[in-house]
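When reading the values below, keep in mind they use all heavy atoms of this one structure, side chains included, and skip hydrogens, waters and symmetry mates.
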Amino acid sequence: MSEQHQPFFSSEERESLYRIIAARRDMRHFTPNTRIDDATIERLLQAAYQAPSVGLMQPWRFQRIRTIQQREGIAALVMAERAETANALGERGEEFLRLKVEGIRDCAELWVVSVAPDDGTLFGRRTMPQAMALCSVACAIQNLWLATRAENLGMGWVSMFDPLALAEWLSLPAGSQPIAILCIGQVEAFYSAPMLELEGWRQGRTLDDGFFT
């Protein structure tokens, strides 16, 4: 194995990373009628593809939604699941329906992220094959999320959809598992705290709440 020199990072660079992590938000409000230039999109994708993955399997697949028809079809799938979720929430259903849960029609870019069909990778996932593929894709999405924030762009992860219906709508390869609809684009302002906290839906926990024992 060849030895490659990797520079140490300055304290200022380190603090920038922590600031980006702390400032990341799940965004639902976007500035309509905007676009993201190709160079920025390439940087974002490079960040995603540099994510760790079990056995270097890189099971993520990104699909760029290019047409209004595709957006409207995806929006309809999300609205259908939104209604089902409200029904399942019982007495909190009406409160839930007042929340904004996506920015599909307004965001500059709409991407669907899927777990690719299983390629047979065994290294590191013999006992947890599905979980390790899913975790690897989640790492790519997190890289992308931090990169968008570093670019002063917002990103929202929409998970309210029937994965089988979405896979059929997009004609994904057999065995694909869509797990995220990502809304990416310019925003007028970033939320000062997670939106669900600002709306009083749920209070986030902190390290003092016993995550580390």
Side-chain angles (χ1 to χ4, degrees), residues 24-49 51 58-89 93 96-118 133-134 136-138 140-145 147-149 151-191 195-196:
R24 184 208 58 81
R25 295 287 181 265
D26 188 357
M27 300 300 296
R28 289 93 185 274
H29 297 83
F30 295 87
T31 305
N33 302 315
T34 57
R35 64 178 299 276
I36 302 173
D37 63 83
D38 291 342
T40 301
I41 290 175
E42 183 171 354
R43 289 196 299 271
L44 295 176
L45 287 171
Q46 285 289 351
Y49 272 76
Q58 297 179 298
W60 46 75
R61 298 294 183 270
F62 291 81
Q63 180 168 348
R64 190 181 190 186
I65 304 305
R66 299 177 181 273
T67 70
I68 297 297
Q69 180 187 18
Q70 284 181 315
R71 284 203 188 213
E72 290 299 327
I74 290 172
L77 291 176
V78 171
M79 289 303 101
E81 176 53 32
R82 185 169 183 256
E84 293 292 339
T85 299
N87 184 60
L89 284 168
F96 166 76
L97 288 174
R98 291 193 291 271
L99 296 174
K100 184 171 177 59
V101 298
E102 48 78 24
I104 289 172
R105 292 183 174 90
D106 291 334
C107 62
E109 290 282 330
L110 189 67
W111 298 354
V112 172
V113 187
S114 302
V115 181
D118 198 324
L134 183 62
S136 296
V137 177
I141 294 173
Q142 177 71 345
N143 266 24
L144 177 63
W145 221 333
T148 57
R149 189 61 186 87
E151 297 279 357
N152 292 312
L153 296 170
M155 185 177 113
W157 181 338
V158 182
S159 58
M160 294 182 188
F161 58 88
D162 179 334
L164 294 178
L166 182 56
E168 182 178 359
W169 172 254
L170 295 177
S171 300
L172 297 180
S176 297
Q177 180 189 358
I179 64 166
I181 299 167
L182 301 182
C183 302
I184 305 171
Q186 290 83 355
V187 299
E188 292 185 7
F190 288 90
Y191 309 140
M195 200 195 81
L196 293 184

Closest approach of [X] to [Y] (non-hydrogen atoms, all atoms of both residues):
X: Ile41; Y: Ile36; result: CD1-O, 3.7 Å
X: Trp145; Y: Arg25; result: NE1-O, 3.2 Å
X: Trp169; Y: Gln69; result: CZ2-O, 3.6 Å
X: Ala140; Y: Phe62; result: CB-CZ, 4.4 Å
X: Ala47; Y: Asn143; result: O-ND2, 2.8 Å
X: Ala174; Y: Pro117; result: O-CG, 3.3 Å

My understanding is that only residues two or more places apart in sequence, or in another chain, count here; which of them pass side chain to side chain contact (heavy atoms under 4.5 Å, CB included) with Asn87?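 So Asn87 forms no side chain to side chain contact (heavy atoms under 4.5 Å, CB included) with any residue.
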Do you know which of Arg71, Arg64, Arg66 makes salt bridge (charged side-chain N to carboxylate O under 4.0 Å, His left out) with Glu109? Arg64
Flag the pair [X] / [Y] as yes when at least one side-chain heavy-atom distance between them is below 4.5 Å, and no otherwise.
X: Ile181; Y: Glu102; value: no
X: Leu196; Y: Leu99; value: yes
X: Leu170; Y: Pro178; value: no
X: Trp111; Y: Ile141; value: no
X: Glu188; Y: His29; value: no
X: Gln186; Y: Arg35; value: no

Atom pair CE/CE of Met195 and Met27 - distance to nearest 0.5 Å: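 Result: 9.5 Å between the selected atoms.
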Among Leu144, Val112, Leu110, Ile65, side-chain contact (heavy atoms from CB on, under 4.5 Å) partner for Leu182: Leu144
Is there a donor-acceptor contact under 3.5 Å linking the side chains of Arg82 and Thr85? no
Run the side-chain donor-acceptor check on residues 153-162: report pairs under 3.5 Å with partners two or more places apart or on a different chain.
residue : atom : partner : partner atom : Å
Trp157  : NE1  : Ile179  : O            : 3.2
Asp162  : OD1  : Leu164  : N            : 2.9
Asp162  : OD1  : Ala165  : N            : 3.4

Would you sort out whether Leu172 and Gln63 count as a side chain to side chain contact (heavy atoms under 4.5 Å, CB included), showing the intermediate values? CA-CA 10 Å; Leu172 297 180; Gln63 180 168 348; 3.1 Å; yes
